[in-house]
Amino acid sequence: QVQLVESGGGLVQVGDSLRLSCAASGRPFSAINMAWFRQAPGKEREFVAVINKSGANTAYADSVKGRFTISRDNARNTAYLRMSNLKAEDSAVYYCAADQTAWLILNDYSYWGQGTQVTVSS
């Protein structure tokens with residue numbers, strides 16, 4: 001089992017930056033891939049970014065490429081999502097997810113956090 005707790009969400013203005021954190025426990029952190037997904041009201045949950053166990057490989061949704069950066073600190077058992085140049089359409093509940101082998105596909109992830117709300121106001 002892996003427990004995931006997100007933090008760092010909030011209300012920001014268009015163009016602002018925000019960093020989300022996801023603290024993990026219950027399994028060796030370096031043994032799991034970490035990802036961020038988001039879900040806006042009335043929409044399906046969608047992939048945002050993923051990072052592999054060592055942190056050497058990452059992937060991003062086209063909508064956030066160049067603006068968001070995923071990272072991890074294996075010594076602190078924490079993954080991060082740095083969001084810059086935020087847009088109103090980035091407003092959503094952001095979830096972190098973990099799995100030993102999952103990569104881009106939502107349904108492949110075994111463990112999920114409760115989510116943190118990000119609201120970008122224009």
Side-chain angles (χ1 to χ4, degrees):
Q1 289 289 333
V2 177
Q3 292 77 44
L4 302 171
V5 178
E6 301 99 334
S7 61
L11 173 64
V12 296
Q13 303 286 324
V14 168
D16 283 352
S17 298
L18 201 60
R19 189 182 76 161
L20 306 182
S21 300
C22 176
S25 61
R27 181 170 281 192
F29 189 64
S30 59
I32 50 178
N33 295 334
M34 297 295 298
W36 289 93
F37 290 79
R38 67 185 181 186
Q39 188 166 19
K43 294 190 176 181
E44 294 189 352
R45 196 171 298 190
E46 64 176 5
F47 167 77
V48 175
V50 61
I51 189 166
N52 76 332
K53 300 171 182 65
S54 69
N57 294 318
T58 59
Y60 296 91
D62 287 343
S63 59
V64 306
K65 211 171 285 186
R67 299 188 299 121
F68 290 13
T69 302
I70 189 170
S71 62
R72 66 189 293 159
D73 184 340
N74 284 356
R76 296 179 186 270
N77 293 349
T78 302
Y80 304 97
L81 184 68
R82 174 72 176 176
M83 306 183 291
S84 301
N85 191 21
L86 282 161
K87 305 176 180 180
E89 52 263 42
D90 293 320
S91 297
V93 177
Y94 283 72
Y95 298 90
C96 71
D99 193 87
Q100 278 190 290
T101 59
W103 194 239
L104 301 179
I105 307 301
L106 182 152
N107 289 339
D108 290 344
Y109 280 86
S110 301
Y111 306 105
W112 291 86
Q114 255 121 305
T116 185
Q117 177 71 48
V118 173
T119 303
V120 185
S121 172
S122 55

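- Under a 4.5 Å side-chain heavy-atom cut-off, the cluster of Ile, Leu, Val, Met, Phe, Trp and Tyr residues that includes Val14 is completed by Val2, Leu4, Val12, Leu18, Leu20, Phe29, Ile32, Met34, Trp36, Val48, Ile51, Tyr60, Val64, Phe68, Ile70, Leu81, Met83, Leu86, Tyr94, Tyr111, Val118, Val120.
- To the nearest 0.5 Å, atom OG of residue Ser7 and atom CD of residue Gln114 are 12.5 Å apart.
- Residues Ser21 and Thr78 come closest through the heavy atom pair CB-CG2, 4.2 Å.
- Using a distance-only test at 3.5 Å, with no hydrogens or angles considered, no donor-acceptor pair links the side chain of Asn85 to the main chain of Gly15.
- By the salt bridge (charged side-chain N to carboxylate O under 4.0 Å, His left out) test, Asp73 is found to be paired with Arg76, residues two or more places apart in sequence or in another chain being considered.
- Between Lys53 and Asn33, the closest side-chain pair of non-hydrogen atoms falls below 4.5 Å.
- Side-chain atoms of Asn77 do not come within 3.5 Å of backbone N or O of Ser25 as any donor-acceptor pair.
- Of the possible polar contacts, none joining the Asn74 side chain to the Ser30 backbone as a donor-acceptor pair under 3.5 Å is found.
- Within the structure, every pair that satisfies the salt bridge (charged side-chain N to carboxylate O under 4.0 Å, His left out) test and touches residues 34-45, not counting sequence neighbours, is listed here: Arg38-Glu46, Arg38-Asp90.
- Within the structure, disulfide (SG to SG under 2.5 Å) pairs that include any residue of residues 17-122 comprise Cys22-Cys96 (at least two apart or interchain).
- Contact record, Tyr109 with Ala35: OH-CB, 3.3 Å, taken as the closest heavy-atom pair.
- Ring geometry for Trp112 against Phe37 counts as tilted: the plane angle lies between 30° and 60°, on a 0 to 90° scale.
- To the nearest 0.5 Å, the span separating OG1 on Thr58 from NZ on Lys65 amounts to 9.5 Å.
- Not a single side-chain hydrogen bond (donor to acceptor under 3.5 Å, both in side chains) links Asn107 to another residue, sequence neighbours left out.
- Rounded to the nearest 0.5 Å, atoms CZ (Arg67) and OG (Ser84) are 9.0 Å apart.
- Side-chain atoms of Arg72 come within 3.5 Å of backbone atoms of Asn52 as a donor-acceptor pair (strictly under, hydrogens ignored).
- Sorted pairs that involve residues 4-33 and meet salt bridge (charged side-chain N to carboxylate O under 4.0 Å, His left out), not counting sequence neighbours, are lacking altogether.
- Residues Ala40 and Ala92 approach most closely at N-CB, 3.8 Å, considering heavy atoms.
- Side-chain contact check for Thr101 versus Asp108: every heavy-atom pair is 4.5 Å or farther apart.
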